[in-house]
Amino acid sequence: MEQRIRTRLAGRERDGLLRKLIPVDQEKHGRMRAGDKEFINFSSNDYLGLSSHPDIIKAARKAAGPVFGSSASRLMTGSTGLHDALEQKTAGFKGKPAALVFNSGYQANVGVISALCGRGDVIFSDRLNHASIVDGILLSGAKSFRYRHNDIAHLEELLSGERRKYRNSMIITETIFSMDGDIAPVREIVSLKKRFDSLLMADEAHATGIFGETGAGILEQAGITDDCDIAMGTFSKALGSFGAYIASSGAIKEYLVNTCRAFIYSTALPASVINASIAAIDAVKKEPFRRTALLANAAHLRGRLREKGLDVKGESQIVPVILGKNPETARAGEKLREKGYWVTPVRPPTVPKGTARLRISVTCDHTRDVLEKFADDLCDILEDRAWDTRNLRS
Ligand SMILES: Cc1ncc(COP(=O)(O)O)c(C=O)c1O
């Protein structure tokens, strides 16, 4: 066994796929440290800079009180008044009757999908959905079909051919795709879910706090909150805290409290984390300038890179530059690091084979000067190398 593991690791190293844990220290204003060097951080999901917001840190400290840990799962003795308060606040924020807090987004997706779907049911899932959705589907035992990314015609074709053969049906999509930064055609998906009598589950991990009039996400922006049965999201990205939620009907929440193993058999988040998430929702509501600045920054960087001839995808704060090959993408990441930028190269299996990329994550704290210099430096690095030419239009 040990020998097989070593051989596999060597294979990963050869293919440019070996990952290493690098200890870093997060700093404010879109910066971080690794060793004795400071970097501008373009790999953080702290899009709104809320993880260093004084109100959120104060809320965490206040709730830590004389006891830190929650000591048990929610159904044992781990459920505090703050958990209820966060769930009520989240439900209000998302415009749904109820919400349920999970310890992480991974746990929420795996737990909810496998609790709601089972043998005899069918799931239609976007091909680029997050690993936690893929794992939830596998665990559920339901029959599943993956439709081509954001391809409504393909989804319709699959629903037409397959839906009627199964008992219950669920369509699952991210609303902002984590590695591509593009937006799901949610209105069209809603029409199909109604036509084919399916539930809709939408993962708003990268949309929560950023899109929509109050920052609730893409469902709010598209005006389809009521049509989405399960809106999942995280407190750990734009909200700068930790944990996740689903917002749904009261019946779905109650059913999950009774059947969702990822919820039932896991210790509750501590009160300090819960109170920080409450403060984070308040900050999103009170400080809309953060999401306005974030989206303006992202549009600015995307515009600059496109002006310079780079084929940049997406339409959100996630700005992917697809280079294709794994070792070259890793090398581009190293070159950027030498210039003081932290952009983690993203390779398979996180993204499909042949689409290794630099996933540039913009925050509201990046200044225009930083973004302009970064765009120049990135293009210089790519132009210097023969391997990048596929990504340059001319
Ligand atoms: C789309 C999506 N869903 C779920 C998750 C999991 O969330 P968490 O980091 O809270 O486990 C992530 C995080 O990477 C994500 O990008």
Side-chain angles (χ1 to χ4, degrees), residues 19 21 26 41-48 50-51 86 90 94 99-114 123 125-139 146 149-150 170-184 186 189 200-211 216-219 228 230-247 260 262-263 266-270 273-274 276-277 280-281 313-320 344-352 357 359-363:
R19 282 137 167 116
L21 291 172
Q26 302 295 340
N41 189 353
F42 280 107
S43 283
S44 167
N45 295 324
D46 183 20
Y47 305 118
L48 300 176
L50 291 184
S51 68
L86 175 59
T90 304
K94 295 295 290 187
L100 186 63
V101 168
F102 284 82
N103 291 3
S104 75
Y106 185 92
Q107 232 170 303
N109 278 336
V110 168
V112 170
I113 297 165
S114 59
I123 299 173
S125 174
D126 188 289
R127 191 174 277 281
L128 295 190
N129 275 342
H130 191 258
S132 53
I133 297 174
V134 175
D135 292 356
I137 294 171
L138 284 175
L139 187 63
R146 293 197 307 163
H149 177 52
N150 277 350
M170 184 187 269
I171 302 171
I172 311 179
T173 184
E174 294 181 31
T175 55
I176 295 291
F177 281 84
S178 61
M179 295 298 141
D180 291 70
D182 52 355
I183 304 179
V186 283
I189 294 176
L200 172 60
M201 176 164 174
D203 179 332
E204 297 239 82
H206 295 274
T208 305
I210 299 168
F211 291 89
I218 289 291
L219 300 174
C228 178
I230 302 129
M232 175 272 176
T234 65
F235 298 114
S236 53
K237 297 179 170 54
L239 271 68
S241 177
F242 190 78
Y245 64 84
I246 60 106
C260 177
F263 174 83
S266 192
T267 301
L269 286 175
V273 172
I274 298 294
S277 297
I281 295 178
K313 308 272 184 238
E315 40 191 325
S316 67
Q317 74 282 6
I318 299 161
V319 182
T344 309
V346 181
R347 290 158 283 176
T350 308
V351 292
R357 68 198 63 189
R359 176 191 182 267
I360 301 157
S361 184
V362 178
T363 73

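All of these numbers come straight from a predicted model, not from anything done at the bench. Read the numbers this way: they start at 1 and go in the same order the structure lists the ligands and their atoms.
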Student: May I ask you to check whether His206 has an N/O atom sitting below 3.5 Å from an N/O atom of ligand 1?
Tutor: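 Between His206 and ligand 1 (N or O atoms, distance only) the closest approach is under 3.5 Å.
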Student: Could you check atom 5 (C) of ligand 1 against the protein and tell me its nearest heavy-atom contact, residue, atom and distance included?
Tutor: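 Ranked first by proximity to atom 5 (C) of ligand 1 is His130 CE1, 3.5 Å.
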Student: Asp46 vs Ser51, test: side-chain hydrogen bond (donor to acceptor under 3.5 Å, both in side chains). Steps then yes/no.
Tutor: CA-CA 7 Å; Asp46 183 20; Ser51 68; 2.5 Å; yes
Student: Near Thr234, which atoms of ligand 1 are under 4.0 Å from a heavy atom of that residue?
Tutor: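 Numbered from 1, ligand 1 contributes 7 (O), 10 (O).
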Student: Any side-chain heavy atom of Val362 sitting closer than 4.5 Å to one from Tyr47?
Tutor: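 SC-SC contact between Val362 and Tyr47 ruled out.
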Student: At a 4.0 Å threshold, what atoms of ligand 1 neighbour a non-hydrogen atom of Ser178?
Tutor: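 Taking each heavy atom of Ser178 in turn, ligand 1 has 16 (O) under 4.0 Å.
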Student: Considering only non-hydrogen protein atoms, determine which one is nearest to atom 9 (O) of ligand 1 and report residue, atom name and distance to 0.1 Å.
Tutor: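 That would be Lys237 NZ, 3.1 Å.
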Student: Mind checking whether Phe177 and His149 have ring centres under 6.0 Å apart?
Tutor: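 Phe177 vs His149: aromatic centres under 6.0 Å.
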Student: Ligand 1 versus Asn129, non-hydrogen atoms closer than 4.0 Å: side chain, backbone, both, neither?
Tutor: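 Contact part for Asn129 vs ligand 1: neither.
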Student: Could you list which atoms of ligand 1 come closer than 4.0 Å to a heavy atom of Ser132?
Tutor: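 Going through ligand 1 atom by atom, the ones under 4.0 Å from Ser132 are 4 (C).
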Student: Are side-chain heavy atoms of Asn129 and Asp203 found at a separation under 4.5 Å?
Tutor: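 A side-chain contact under 4.5 Å is absent here.
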Student: Given Ile176, Asp203, Asn45, identify the one with the heavy atom nearest to atom 3 (N) of ligand 1.
Tutor: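 It is Asp203 whose heavy atom sits nearest to atom 3 (N) of ligand 1.
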Student: Measure the distance from atom 6 (C) of ligand 1 to every protein heavy atom, then report the residue, atom name and distance (to 0.1 Å) of the closest one.
Tutor: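 Result for atom 6 (C) of ligand 1: Tyr106 N, 3.4 Å.
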Student: Give a yes/no on ligand 1: does Ala244 have at least one heavy atom closer than 4.0 angstrom to it?
Tutor: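 Contact absent.
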Student: Of the protein's non-hydrogen atoms, which lies at the shortest distance from atom 10 (O) of ligand 1, and what is that distance?
Tutor: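 For atom 10 (O) of ligand 1, the nearest protein heavy atom comes out as Gly105 N, 2.7 Å.
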Student: Near Asn109, which atoms of ligand 1 are under 4.0 Å from a heavy atom of that residue?
Tutor: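 Per the distance check, 3 (N), 4 (C).
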Student: Any idea which atoms of ligand 1 are less than 4.0 Å away from a heavy-atom of Ser236?
Tutor: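 Counting atoms of ligand 1 from 1, those under 4.0 Å from Ser236 are 10 (O).
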Student: Step by step, would you call Ser266 with Gln107 a side-chain hydrogen bond (donor to acceptor under 3.5 Å, both in side chains)?
Tutor: CA-CA 10 Å; Ser266 192; Gln107 232 170 303; 3.1 Å; yes
Student: Give me the one residue out of Thr208, Thr234, Leu86 that meets side-chain contact (heavy atoms from CB on, under 4.5 Å) with Tyr245.
Tutor: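 The single option meeting the side-chain contact (heavy atoms from CB on, under 4.5 Å) with Tyr245 is Thr208.
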Student: Would you mind reporting whether Leu139 and Val110 have side-chain heavy atoms less than 4.5 Å apart?
Tutor: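 In contact.
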Student: Strictly under 6.0 Å, is that where the ring centroids of Phe235 and Phe242 end up?
Tutor: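 No - the distance between ring centres of Phe235 and Phe242 does not fall below the 6.0 Å cut-off.
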Student: Could you tell me whether Arg357 and Asp180 make a salt bridge, using a distance below 4.0 angstrom between a side-chain N and a carboxylate O?
Tutor: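 The answer is yes: the pair qualifies as a salt bridge.
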